[in-house]
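What you see below is based on every heavy atom in this structure, not just the backbone, and it leaves out hydrogens, waters and symmetry mates.
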Amino acid sequence: MLDPKYLRNDIDETATRLASRGFSLDVDTFNQLEEKRKSLQMRTQDLQNDRNVRSKSIGKAKAAGEDIQPLMAEVGKLGDELDAAKEELGTLLEQINKLSMAIPNLPADDVPVGKDESENVEISRWGEPKSFDFAVKDHVDIGAGLGKGLDFETAAKLTGSRFVVMRNGVAKMHRALSQFMLDLHSNDHGYNEMYVPYLVNTDSLLGTGQLPKFGADLFHTQPATEEGQGLSLIPTAEVPLTNIARDEIFAAADLPIKMTAHTPCFRSEAGSYGRDTRGLIRQHQFDKVELVQLVQPEDSNAALEELTGHAEKVLQLLGLPYRKMLLCTGDMGFGSHKTYDLEVWLPAQDAYREISSCSNMGDFQARRMQARFRSPGAKKPELLHTLNGSGLAVGRTLVAILENYQQEDGSVVVPEVLRAYMGGLEKLG
RNA sequence: GGAGAGAUGGCCGAGCGGCUGAAGGCGCUCCCCUGCUAAGGGAGUAUAGGGUUUAUAGCCCUAUCGAGGGUUCGAAUCCCUCUCUCUCCGCCA
């Protein structure tokens with residue numbers, strides 16, 4: 001959620017900046033609602049005050065043994081007027097809130113303006129895509145060859161499309177990857193390892209911004225409407241991890257708070273029919289090791305660089321070539337202020353594909369969550385800044401390893417750093 | 001799942017339907033006193049929203065005692081629903 005002050009005082013400027021990311025803010029409607037809100041709220045509060053004063057005087061009159069009948073008759077009339085005003089105000093505030101919650105974050109000044117992913121800017125590359133002297137296979141064929149190590153048919157029988165069953169060495173490597181990532185981030189990068197619920201309530205989803213706009217992307221255990229408090233499967237550990245800060249006031253000295261967790265993620269992938277239908281790239285259920293940081297506002301820019309570096313480190317240690325992209329305004333996520341994507345090299349696709357997304361959300365989520373901190377001298381608590389990033393998506397990392405480490409005979413070399421997690425195994429197949 | 005108890009400010013803990021935004025204590029901040037690593041005295045110390053304003057300063061107003069409804073001129077205090085916590089029983093990983 002944006003600072004309401006922007007919307008009241010600088011709405012035109014705000015609308016311009018939002019337009020750069022493809023969101024059109026209905027300025028006229030907003031101004032009208034805002035004007036109405038102002039007068040209605042003032043009137044309601046005046047009435048309220050009036051009633052409070054009169055009610056108090058009834059108490060005093062009663063204590064003094066005076067006749068309170070005339071006083072009570074007077075206040076009675078006030079009550080109806082007040083109730084009507086309150087109800088009208090309530091509806092109006094709800095309307096404004098609904099609009100506000102659907103407005104995306106403002107992009108940072110250094111985010112390139114662009115309409116879609118084609119205008120993202122490449123920042124850097126690491127590693128050389130390996131040249132193969134045989135016809136490369138994609139991860140689906142490699143996995144199938146490893147004793148049905150990746151088995152989409154069986155998963156389709158059990159559940160449906162976009163699910164997978166893994167076997168033996170491939171399943172082991174999948175597990176090894178998440179262990180390796182968790183250890184790296186908790187031992188070397190200073191994150192607290194966390195275990196969190198995979199089901200969350202609607203308050204949490206509102207807090208990080210999945211709701212109210214993107215309910216269709218989630219799996220719900222019951223219909224989660226405005227009035228229903230159905231639990232939903234997490235689409236990312238960002239939701240439970242970040243919401244740990246919801247309604248909390250931290251001491252400034254406690255920040256930054258760095259947390260990492262390995263969880264499955266569940267996404268309905270509504271609207272992505274026909275895209276990435278083959279293989280592990282786009283699944284309804286996938287594992288991810290998530291990085292979350294809660295920092296003071298002045299530190300969030302540096303924290304984004306640091307956090308992205310932590311995700312990059314995973315790729316470097318695994319020896320996977322990648323490039324770092326700065327997302328343009330049109331391709332950023334709803335709550336993001338600035339986002340880097342890491343794209344790993346996939347030989348079979350002859351392309352770089354997203355494997356991590358690292359974002360500075362600024363105070364956007366913190367405002368929705370009322371996540372704050374208090375500085376020693378400061379009178380008021382301030383909103384903190386939240387950041388999150390994948391460090392990394394485990395399934396896609398597995399894809400990258402299968403494809404980049406494949407051998408002509410169909411076997412796959414296990415990257416050095418994973419061997420300790422796989423009983424010293426050096427090769428699959 | 002069955003039975004019972006509870007939910008008040010950063011923490012602990014009072015609170016007859018009106019004088020309680022909330023006693024008291026702890027903690028914290030500032031000041032005073034004190035010649036020794038202590039004690040004492042004084043003052044201050046919730047959050048959100050709105051108005052006014054150059055102002056995130058002041059001032060004024062409103063709301064909030066788990067959440068949401070209700071009764072009432074008036075509710076932390078009465079009634080209902082829900083959530084969570086604790087104890088006992090059952091069941092289970």
Side-chain angles (χ1 to χ4, degrees), chain A residues 1-10 31 33-101 195 197-207 221-222 224-231 243-255 296-298 362-363 366-385:
Chain A
M1 192 157 66
L2 299 181
D3 190 334
K5 289 195 176 78
Y6 290 164
L7 294 171
R8 283 178 197 151
N9 306 331
D10 301 310
N31 280 338
L33 287 173
E34 182 53 29
E35 210 168 298
K36 243 170 103 182
R37 189 223 97 232
K38 195 163 161 177
S39 64
L40 191 55
Q41 182 160 17
M42 283 170 68
R43 201 166 74 85
T44 307
Q45 293 192 351
D46 279 350
L47 287 168
Q48 196 108 244
N49 180 233
D50 203 10
R51 191 204 63 187
N52 288 349
V53 170
R54 286 165 193 265
S55 290
K56 252 178 198 168
S57 72
I58 291 178
K60 280 184 190 148
K62 200 175 168 190
E66 294 166 18
D67 181 17
I68 57 172
Q69 280 310 318
L71 286 171
M72 282 179 60
E74 218 177 309
V75 191
K77 272 178 272 169
L78 235 166
D80 295 341
E81 210 182 329
L82 177 61
D83 283 347
K86 262 183 169 170
E87 198 180 317
E88 201 184 336
L89 180 64
T91 321
L92 188 62
L93 287 177
E94 208 173 293
Q95 212 176 334
I96 292 175
N97 184 50
K98 212 169 153 188
L99 276 176
S100 305
M101 290 291 272
Y195 174 85
Y198 303 158
L199 286 163
V200 291
N201 58 32
T202 49
D203 283 345
S204 293
L205 291 163
L206 285 166
T221 56
Q222 310 162 25
T225 58
E226 281 98 318
E227 45 285 271
Q229 269 281 319
L231 299 179
N243 272 281
I244 287 173
R246 176 151 51 85
D247 295 321
E248 298 288 338
I249 300 176
F250 298 95
D254 292 342
L255 301 178
Q296 298 193 32
E298 64 267 28
D363 62 11
R367 182 170 295 105
R368 291 169 163 242
M369 294 192 300
Q370 285 304 302
R372 293 168 294 175
F373 72 97
R374 198 192 301 272
S375 298
K379 257 179 92 174
K380 290 198 164 191
E382 284 179 70
L383 294 172
L384 48 76
H385 280 196

For nucleotides 63-70 of chain B, 5' to 3', base contacts (B), sugar-phosphate-only contacts (S) and non-contacts (-) with protein non-hydrogen atoms under 4.0 Å give S-------
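- Following rounding to the nearest Å, A:R54 (CZ) and B:G18 (C1') show an atom-to-atom distance of 17 Å.
- A straight line from CG of A:D50 to C1' of B:G74 spans 14 Å, rounded to a whole angstrom.
- Here the closest non-hydrogen pair linking A:E248 and A:I244 is CG-O, 3.5 Å.
- As a whole-Å value, the separation of A:R368 CZ from B:A48 P is 19 Å.
- Base pairing annotation: B:C33 forms no Watson-Crick or G-U wobble pair, as no partner gives both donor-acceptor distances under 3.5 Å.
- Using P as the reference atom, B:U20 and B:A76 are 13 Å apart when rounded to the nearest Å.
- B:C11 sits 28 Å from B:G68 when the C1' atoms are compared, rounded to a whole Å.
- At a cut-off of 3.5 Å, with distance as the only test, no side-chain donor of A:S100 or A:N97 sits close to an acceptor on the other residue.
- The partner of B:U52 is B:G58, judged by Watson-Crick or G-U wobble contacts that both fall below 3.5 Å.
- Within the nucleic acid shown, A:K60 has no heavy atom closer than 4.0 Å to any nucleic acid atom.
- Remark: B:G17 base-pairs with no nucleotide in the shown strands. Criterion, Watson-Crick or G-U wobble with two distances under 3.5 Å.
- Across all their heavy atoms, A:R368 and A:M1 have their closest contact at NE-N, 3.1 Å.
- Between A:N243 and A:D203, the shortest heavy-atom contact is OD1-O, 4.1 Å.
- Dashed line: the shortest gap from a side-chain N or O of A:N49 to OP1 or OP2 of B:C61 is not under 4.0 Å.
- If you find the closest nucleotide of RNA chain B to A:V75 and to A:V53, the one lying nearer the 5' end belongs to A:V53.
- Here the closest heavy-atom approach between residue A:P381 and residue A:R374 is recorded as CD-NH1, 3.9 Å.
- Across the C1' atoms, B:A67 and B:C26 are found 29 Å apart, a figure rounded to whole Å.
- The minimum heavy-atom distance between A:L231 and A:T221, with the atom names listed, is O-OG1, 2.6 Å.
- With B:G18, B:A48, B:G51 as the choices, the nucleotide that has an atom nearest any side-chain atom of A:K62 turns out to be B:G18.
- Counting to the nearest Å, the P atom of B:C61 and the CG atom of A:L82 are 17 Å from each other.
- The nucleotide B:A22 finds no pairing partner, because no Watson-Crick or G-U wobble arrangement with both distances shorter than 3.5 Å includes it.
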A:S55 and A:N52: side-chain hydrogen bond (donor to acceptor under 3.5 Å, both in side chains), yes or no, with the steps? CA-CA 5 Å; A:S55 290; A:N52 288 349; 5.8 Å; no
Please list each protein N or O that sits under 3.5 Å from an N or O in nucleotides 78-86 of chain B, with the distance.
none

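- Taking all atoms of both residues into account, the shortest heavy-atom contact from A:L383 to A:F373 is O-CE2, 3.6 Å.
- Rounded to whole Å, the P atom of B:G15 lies 24 Å from the corresponding atom of B:C86.
- In terms of polar N and O atoms assigned as donor or acceptor, the side chain of A:Q45 comes within less than 3.5 Å of the base of B:G49 in a complementary pairing.
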Show, in sequence, the C-alpha distance, side-chain angles and deciding distance for A:R43 and A:E81, and conclude whether the salt bridge (Lys or Arg N to Asp or Glu O under 4.0 Å) test is met. CA-CA 10 Å; A:R43 201 166 74 85; A:E81 210 182 329; 3.6 Å; yes
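- The same atom, C1', is picked in B:G49 and in B:U56; the two are 15 Å apart, to the nearest Å.
- Counted within 6.0 Å of CZ on A:F250, heavy atoms from surrounding residues, nucleotides or ligands total more than 12; the atom is thus considered enclosed.
- Among B:A48, B:G18, B:A46, the nucleotide with an atom closest to any side-chain atom of A:Q370 is B:A48.
- Distance check: A:T44 OG1 to A:M42 CE gives 10.5 Å after rounding to the nearest 0.5 Å.
- Using N1 to N3 plus N6-O4 or O6-N4 for Watson-Crick, or N1-O2 and O6-N3 for G-U wobble, each under 3.5 Å, B:A5 pairs with B:U85.
- Within a 6.0 Å sphere centred on CD of A:E298, heavy atoms belonging to other residues, nucleotides or ligands number more than 12.
- Proximity note for A:I58 (side chain, C-beta onward) versus B:C73, B:U47, B:U52: the nearest is B:C73.
- Contact between the side-chain N/O atoms of A:R372 and the OP1/OP2 oxygens of B:A48 is found at a separation under 4.0 Å.
- Distance noted for atom P between B:U81 and B:G24: 37 Å (whole Å).
- Applying the Watson-Crick and G-U wobble criteria (two distances, each under 3.5 Å), B:A93 pairs with nothing in any strand.
- Between A:M72 and A:D46, the one whose closest nucleotide on RNA chain B sits nearer the 5' end is A:D46.
- Atom pair A:R43:CZ and B:G51:P shows a separation of 16 Å (rounding to whole Å applied).
- Here the C1' atom of nucleotide B:U62 and the CD atom of A:Q41 are 8 Å apart, to the nearest Å.
- For B:C92 and B:U83, the C1' atoms lie 24 Å apart once the distance is rounded to whole Å.
- Residue A:R367 contributes atom CZ, which lies 13 Å from atom C1' of B:U56 at whole-angstrom precision.
- Straight-line distance between the C1' atoms of B:G9 and B:A3: roughly 33 Å, to the nearest whole Å.
- In this structure, CD1 of A:I249 is placed 14 Å from C1' of B:U45, rounded to the nearest angstrom.
- Of all nucleotides present, only B:A63 satisfies the Watson-Crick or G-U wobble test against B:U47, with each distance under 3.5 Å.
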